[in-house]
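Below, all heavy atoms of this structure are taken into account, side chains as well, without hydrogens, waters or symmetry copies. As the structure is a computational prediction, the values presented were derived from the model and not from experiment.
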Amino acid sequence: MHERIEQIRVQKGVSKAFLARRLGISAMGYHYLSTGRSPISTDRLQIIAEALGVDPRDFLRPELNDSVSEREEEPQTA
């Protein structure tokens, strides 16, 4: 999920410093979130989504699509 957040952040042209301020954390704190070293709470996920102007579910959709695609490609056994 953190990779998708970073992808959207870059696409929207939003700085890491801006998101850190919105979350009330340091730049290093945001670095830990953005690299997956710290978990992202649902409250923080909502703040990030609002700051980026997206639905929080947008952070999850590519991962879901990838897992569905992988399952479809696996051979079916009877």
Side-chain angles (χ1 to χ4, degrees):
M1 175 174 24
H2 62 277
E3 294 162 344
R4 180 67 175 146
I5 292 170
E6 283 301 287
Q7 180 184 33
I8 293 171
R9 180 190 66 75
V10 170
Q11 287 175 348
K12 298 277 188 170
V14 175
S15 72
K16 292 177 183 181
F18 174 79
L19 285 180
R21 282 193 302 274
R22 289 290 297 264
L23 292 166
I25 60 176
S26 68
M28 185 56 74
Y30 183 78
H31 171 74
Y32 287 139
L33 289 177
S34 69
T35 59
R37 292 173 70 184
S38 290
I40 301 174
S41 68
T42 54
D43 291 339
R44 285 187 170 166
L45 191 63
Q46 183 64 41
I47 293 168
I48 294 169
E50 289 172 5
L52 296 177
V54 298
D55 187 302
R57 292 174 291 188
D58 291 341
F59 301 136
L60 305 174
R61 287 189 177 125
E63 293 172 359
L64 175 62
N65 291 341
D66 289 346
S67 66
V68 170
S69 295
E70 289 169 5
R71 276 189 267 136
E72 290 175 355
E73 293 174 3
E74 292 177 5
Q76 299 293 320
T77 57

Which distance, rounded to the nearest 0.5 Å, do you find between the [atom1] of [X] and the [atom2] of [Y]?
X	Y	atom1	atom2	answer
R22	R44	CZ	CZ	14.0 Å
R4	D58	CZ	CG	6.5 Å
L52	I47	CG	CD1	12.0 Å
S15	R9	OG	CZ	7.5 Å

Donor-acceptor pair between E50 and Q46 side chains, under 3.5 angstrom: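 The answer is yes; a qualifying pair exists.
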
Within one Ile-Leu-Val-Met-Phe-Trp-Tyr cluster: I5 and V10, side-chain cutoff 4.5 Å: no

Single-linkage hydrophobic cluster I25~M1, side-chain heavy atoms < 4.5 angstrom: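 Yes; M1 is reachable from I25 via cluster members.
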
Residue pair I8 / I48, side-chain heavy-atom distance below 4.5 Å: no

F59 and I40, any side-chain heavy atoms less than 4.5 Å apart: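 No, their side chains stay 4.5 Å or more apart.
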
Closest heavy-atom contact between [X] and [Y]?
X	Y	value
H2	L33	CB-O, 3.5 Å
D55	A49	C-CB, 4.3 Å
G29	S26	N-OG, 2.9 Å

